[in-house]
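Let me begin by presenting the structure, written as structure tokens, before commenting on it.
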Amino acid sequence: MPPFHRPKSLIALALPLLLDVTVPASRLPMVMAAAAVPLAARTASAAEPAAPADRDRLYPFYLPMGGLRAPAATFRIRCEASRAAGHEVYQGRSPDSYGGPIEGGYELIYEAQDAQGRPCVYPFAPSLPQVGGPVQGTQYILRSSNPGARVAFRTGDEWATVDLRLFNIAAQRVHFEMRDIELDFPGAIQAKGALHLEVTGTQAPGLFTAVVRRAKIYGGKNALFVPNGQTMLYVEDSDIAGNVGTNTDQEHTTYINGTLVSHFRDTKFHGQRAWENTASGHQLKDKAYLRVYENVTVSNVPQSSPPSAMPLIDASAFGFTWSDGLRIERVAPLQAPRDALVDLRTDIRYGEPGNYPWPVIGSPGWQMPPSPLDALDRVYLSVFLNTSVKSFRTEPYVFALRPTGTTPGTDGYHVEGSEAPRAQQRYVSLAFGTGGNLERVYSPEGWTYADPDLPAGSEWVLDRSKFIRHALALIGR
């Protein structure tokens, strides 16, 4: 069949989040090989209201938001009185008046301005009420009283965190939101995450969804930490500004464990803490089954330490990645920098086995067809549109797709053994319109293609909605 040829320029996708909009083949994004096209013209489509209060009612089409009930308890927190007391002072009923854990979900609304009309800065970390009873269909919301007006929480407490703690929720459906909140916890060296979504023991078809809008997060061993499970995370218009932990190896600006989905839009990651003689962690360590990055910037510019020398994004080759408008910015670290900027790794499977449609180790049970581009619907796939690189040096390459091994580790998660033959590697990565300070797009490993001509019928890989549907349908989501 004739190939799907690339037109001469690129028009970035900006699809409505609520509506299921797809793009006909005649209007697919147009790609050129020379360089990534700047995204200054990227705006929300007409179907996406610009007002924060209106956008707060929109959700990605794949999030099943039906069946959720309104929070049973609403708490309003006063600015001036809370600042004077050093803890939440409530307008009306307080969580203590319930005499125990809160059942049925809750909403915490923090007054956005002080008496002089200035943004309110609370000198403590938010206090989340304890959760009790069945949690099926419940919501937990933390927000500013004025959509679009961010309130800040600023403290040097070494345990400062926003930690939603829900254990063994099994097959229940639970939802969390944080909107217009700044967490500034420069001393929080003990907390696992400045925002720690500690929801565990999930089982399909149950689901935990988390939505973060217009947030800034700094502090903790990881500024944002999400453990593995049946979790879908969506973050937009946010700044994940770094961590402050003291472990040089196991801490990152953001750590997404083996979840179902991580979707970041119009968001920046930076500030990973590093040490003078240790490369340290990543700006974004993302092991979700499905990763979606739209207009995302990842930088190793530090917050309060030397820059990290590690790859800026540490992602898993197991699963799926779709990216449009990824900007990578690297300043010189004190150590020799690791060559990969985006490292697609195959040494550990983070999610549960049911999250993956095919084996993740190499074996004779899979043989790559003679033309891998004809098999894009049968492989673990990553697609990068419009990636730009700004670095202190000319980078040897941007993306690395690592080969997998042939033996499962005894823990059930690590992949061991010798490198599988290339024909048994069930991973393909495609990049279109990559530009900036780089010698080549990919390292010499794996089934990788820069600006390929796609076979007819493969155009769906360039369409965000179709790509997401394909990935989730493979695991029944």
Side-chain angles (χ1 to χ4, degrees), residues 13 15-17 19-23 28-29 59-65 202 204-211 226 228-235 256-265 284 286-294 296 313 315-326 342 344-346 349-360 366 368 372-385 399 401 404 425-432 446-449 454-455 457-477:
L13 291 174
L15 302 180
L17 297 181
L19 303 178
D20 177 13
V21 175
T22 56
V23 181
L28 283 168
Y59 297 90
F61 68 89
Y62 56 83
L63 286 188
M65 300 302 292
T202 53
L207 182 67
F208 171 57
T209 53
V211 173
V226 185
N228 70 320
Q230 301 295 306
T231 295
M232 295 183 179
L233 171 71
Y234 175 74
V235 179
I256 310 298
N257 214 304
T259 64
L260 293 176
V261 177
S262 64
H263 187 166
F264 299 103
R265 192 181 197 211
L284 175 56
D286 192 351
K287 305 300 183 174
Y289 164 75
L290 169 63
R291 286 142 273 152
V292 181
Y293 306 146
E294 299 182 87
V296 165
I313 298 177
S316 175
F318 305 148
F320 297 85
T321 304
W322 193 91
S323 172
D324 183 9
L326 174 63
V342 179
L344 299 168
R345 294 171 56 181
T346 56
R349 173 185 58 78
Y350 283 75
E352 297 303 319
N355 289 2
Y356 303 91
W358 309 299
V360 298
W366 166 259
M368 185 68 77
L373 293 178
D374 288 322
L376 297 181
D377 60 342
R378 290 174 282 153
V379 298
Y380 293 112
L381 180 64
S382 56
V383 177
F384 297 92
L385 305 173
F399 309 103
L401 178 60
T404 192
Q425 304 284 338
R426 196 169 186 162
Y427 316 96
V428 173
S429 187
L430 313 175
F432 299 88
W447 300 102
T448 60
Y449 301 86
L454 294 176
S458 298
E459 301 89 343
W460 62 272
V461 306
L462 302 176
D463 185 306
R464 183 199 64 178
S465 295
K466 291 180 179 177
F467 187 97
I468 291 172
R469 284 191 172 84
H470 166 74
L472 294 181
L474 288 171
I475 57 172
R477 285 288 185 174

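Remember, it's a predicted structure, so these values are computed and weren't measured experimentally. Side chains are part of it too, since the values below use all heavy atoms of this structure and drop only hydrogens, waters and symmetry mates.
Leu430 is listed as a side-chain neighbour of Leu454, based on a closest heavy-atom distance under 4.5 Å. Between Arg477 and Leu290 the shortest side-chain heavy-atom distance does not fall below 4.5 Å. By the 4.5 Å heavy-atom criterion applied to side chains, Val211 and Val235 are not counted as neighbours. Contact annotation: the side chain of Leu381 approaches that of Val383 to within less than 4.5 Å [non-hydrogen atoms, C-beta and beyond]. Residues Phe264 and Arg291 form no side-chain contact, since every pair of their non-hydrogen atoms from C-beta on lies 4.5 Å or further apart. Between Leu260 and Gln230, some side-chain heavy-atom pair lies under the 4.5 Å cut-off. Inter-residue side-chain proximity for Thr202 and Leu207 is flagged as unmet; no heavy-atom pair is nearer than 4.5 Å. Side-chain contact check for Asn228 versus Tyr350: every heavy-atom pair is 4.5 Å or farther apart.
Rounded to the nearest 0.5 Å, atoms CG (Leu401) and OH (Tyr449) are 10.5 Å apart. Between the OG1 atom of Thr321 and the CG atom of Leu344 there is a distance of 6.0 Å, given to the nearest 0.5 Å. With values rounded to the nearest 0.5 angstrom, Leu462 atom CG is found 10.0 Å from Trp460 atom CH2. We find the CG-CG distance between Leu385 and Leu326 to be 10.5 Å, quoted to the nearest 0.5 Å. Distance CZ/Arg349 to CG/Asn355: 8.5 Å, rounded to 0.5 Å. The distance from atom CZ of Arg378 to atom CE of Met368, rounded to the nearest 0.5 Å, is 9.5 Å.
Checking side-chain atoms of Thr404 against main-chain N and O of Val360 turns up a donor-acceptor pair under 3.5 Å. Between the side chain of Arg345 and the backbone N or O of Phe318 there is no donor-acceptor pair closer than 3.5 Å. For Glu352 (side chain) and Gly229 (main-chain N/O), no donor-acceptor pair under 3.5 Å exists by modelled atom type.
The aromatic ring centroids of Phe432 and Phe384 lie 6.0 Å or more from each other. Aromatic ring centres of Trp358 and Tyr380: separated by under 6.0 Å. Proximity of the aromatic rings of Tyr293 and His263 is defined here by a centroid distance below 6.0 angstrom, and this criterion is not met. Aromatic rings of Tyr234 and Tyr59 (six-membered ring for Trp) have centroids beyond the 6.0 Å cut-off, not under it.
Ring pair Tyr289/Tyr356 is perpendicular by interplanar angle, where above 60° counts as perpendicular and below 30° as parallel.
Scanning both residues, Ile475 and Gly354, for their nearest heavy atoms gives CG2-O, 4.0 Å. Among all heavy-atom pairs drawn from Arg426 and Trp366, the shortest one is CZ-CE3, 3.3 Å.
Shown are Tyr62, Phe320, Trp322; of these, the ring-ring contact (aromatic ring centres under 6.0 Å, His included) with His470 is made only by Phe320.
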* **Pair Met232-Thr259, side-chain contact (heavy atoms from CB on, under 4.5 Å): steps then yes or no** => CA-CA 7 Å; Met232 295 183 179; Thr259 64; over 6 Å; no
* Take Val226 and Asn257 through the test side-chain contact (heavy atoms from CB on, under 4.5 Å) and record every step on the way to the result. => CA-CA 6 Å; Val226 185; Asn257 214 304; over 6 Å; no
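For the residue pair Ser429 and Ser382, a side-chain donor N or O sits within less than 3.5 Å of a side-chain acceptor on the partner.
Between Lys466 and Glu459 no salt bridge is recorded (no basic side-chain N to carboxylate O distance below 4.0 Å).
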